[in-house]
Protein chains: 2
Amino acid sequence: MNNDVIRGHLDLLLLAVVASGAGHGYAVIRALRERSDDAFDLPEGTIYPALHRLEQQGLVVSSWTVAEGRRRRVYRLSGVGQRALVDGQRDWRAFARSVDAVLEGAR
Amino acid sequence: MNNDVIRGHLDLLLLAVVASGAGHGYAVIRALRERSDDAFDLPEGTIYPALHRLEQQGLVVSSWTVAEGRRRRVYRLSGVGQRALVDGQRDWRAFARSVDAVLEGAR
DNA sequence: GCGCAATACATAGGCAGCCTATGCTTGCGT
DNA sequence: ACGCAAGCATAGGCTGCCTATGTATTGCGC
């Protein structure tokens, strides 16, 4: 089902996942898939650049770690990112309400 | 607030508005703005190409009319468009539920 | 009478962002 | 040995929304 309906909402989803301690990129992909009940099964080519974008914007910070012999780039929310998450959740609710309002008129 | 969060959802919104008898393009813009309480205030350069896309896909059909001295291209849903609207509403609900599920884990 | 805003349509061009494809390394199971 | 999952990364393309611009008509204010 995932096409580009997610466009513009991905950053918020990533912030939410990182906020609850998902850590590194691959885990973010898994968490996103599991929490959405397989609705958001996003490829690495989507997630990694998105995380880099978030870091460039200062919403997340990353550091290298090694776990189970594998290097991992672990992300966590910055203060700015926390605020962005709260704002994003508010904006999402407003957006969803607006869409619902338009759709309701249809039937 | 309108950025590209609407990306991928615009077609559904247009189908919904046309379904409830909005008619021509300019009226669609107004209806969208009013029903969403000013959240969706989209420029003509967004709406007209979108309506043309929908027509090319066979979801709407158009015809020229003249009202109040002005020419108007009036749109109405096709049978395929009706089904697309129903499907789109279902998909939207699933999408919104998925986003909510991911966001809930965050707090 | 004139200018300006709103109504109404249309299209070209730009840009952002998600996806596809590809490549690399390491660890584990068989 | 071999394959596959885990893990990271980037280049390139495509799609679709927005900006800017153009046309024409009606109606209002001055």
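Just so it is clear: chains get the letters A, B, ... in the order the sequence lines come, proteins before strands, and each one is counted from 1.
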Residues which pass salt bridge (Lys or Arg N to Asp or Glu O under 4.0 Å) with B/Arg53, listed by chain and number, not counting sequence neighbours: B/Asp11
Counterpart residues, side-chain hydrogen bond (donor to acceptor under 3.5 Å, both in side chains), relative to A/Glu34 (two or more places apart): none
Length of the CZ-C1' vector between B/Arg30 and C/dA8, whole Å: 10 Å
Heteroatom pairs (N/O) under 3.5 angstrom, protein to nucleotides 14-16 of chain D:
from	atom 1	to	atom 2	distance (Å)
D/dT15	O2	B/Arg7	NH2	2.7
D/dG16	O4'	B/Arg7	NE	2.7
D/dG16	O4'	B/Arg7	NH2	2.9
D/dG16	O3'	B/Arg7	NE	3.4
D/dG16	N3	B/Arg7	NH2	3.3

All side chain to side chain contact (heavy atoms under 4.5 Å, CB included) counterparts of B/Ser78, not counting sequence neighbours: B/Val80
Interatomic distance, A/Ile29 CD1 vs C/dC19 P [rounded to whole Å]: 11 Å
Separation of atom CZ in A/Arg33 from atom C1' in D/dA6, rounded to whole Å: 12 Å
A/Asp37: salt bridge (Lys or Arg N to Asp or Glu O under 4.0 Å) partners, not counting sequence neighbours: none
Any A/His9 side-chain N or O less than 4.0 Å from OP1/OP2 of C/dC18: no
Rounded distance (nearest 0.5 Å) linking atom CG of A/Leu12 with atom CG of A/Leu85: 6.5 Å
ring-ring contact (aromatic ring centres under 6.0 Å, His included) against B/His9, all qualifying residues, sequence neighbours excluded: A/His9, A/Phe95, B/Trp92, B/Phe95
Please list, for nucleotides 19-24 of chain D, all pairs of protein and nucleotide N/O atoms separated by less than 3.5 Å.
none

Euclidean distance, atom OH of residue B/Tyr75 to atom C1' of C/dA10 [Å, nearest integer]: 10 Å
Separation of C/dG17 P from B/Ile6 CD1 (nearest whole Å): 16 Å
Nearest-Å distance for atom pair CZ/C1', residues A/Arg72 and C/dG27: 12 Å
Phosphate OP1/OP2 of D/dA6 contacted by A/Tyr26 side-chain N/O (<4.0 Å): yes
Nearest-Å distance for atom pair NE2/C1', residues A/His52 and D/dA11: 14 Å
Atom-to-atom span, CH2 of B/Trp64 to P of D/dT25 - whole angstrom: 13 Å
Nucleic acid contacts of residues 54-62 of chain B, taken as heavy-atom distances under 4.0 Å to DNA chain D: none
Closest approach of A/Gly8 to B/Val5 (non-hydrogen atoms, all atoms of both residues): O-CG1, 3.6 Å
Under the side chain to side chain contact (heavy atoms under 4.5 Å, CB included) test, residues paired with B/Leu32 that sit two or more places apart: A/Val102, B/Leu13, B/Leu14, B/Val17, B/Phe40, B/Leu42, B/Ile47
All salt bridge (Lys or Arg N to Asp or Glu O under 4.0 Å) counterparts of B/Asp100, not counting sequence neighbours: none
Partners meeting side chain to side chain contact (heavy atoms under 4.5 Å, CB included) with B/Glu55 (sequence neighbours left out): B/Val60, B/Ser62, B/Arg73, B/Tyr75
All side-chain hydrogen bond (donor to acceptor under 3.5 Å, both in side chains) counterparts of A/Arg33, not counting sequence neighbours: A/Asp41
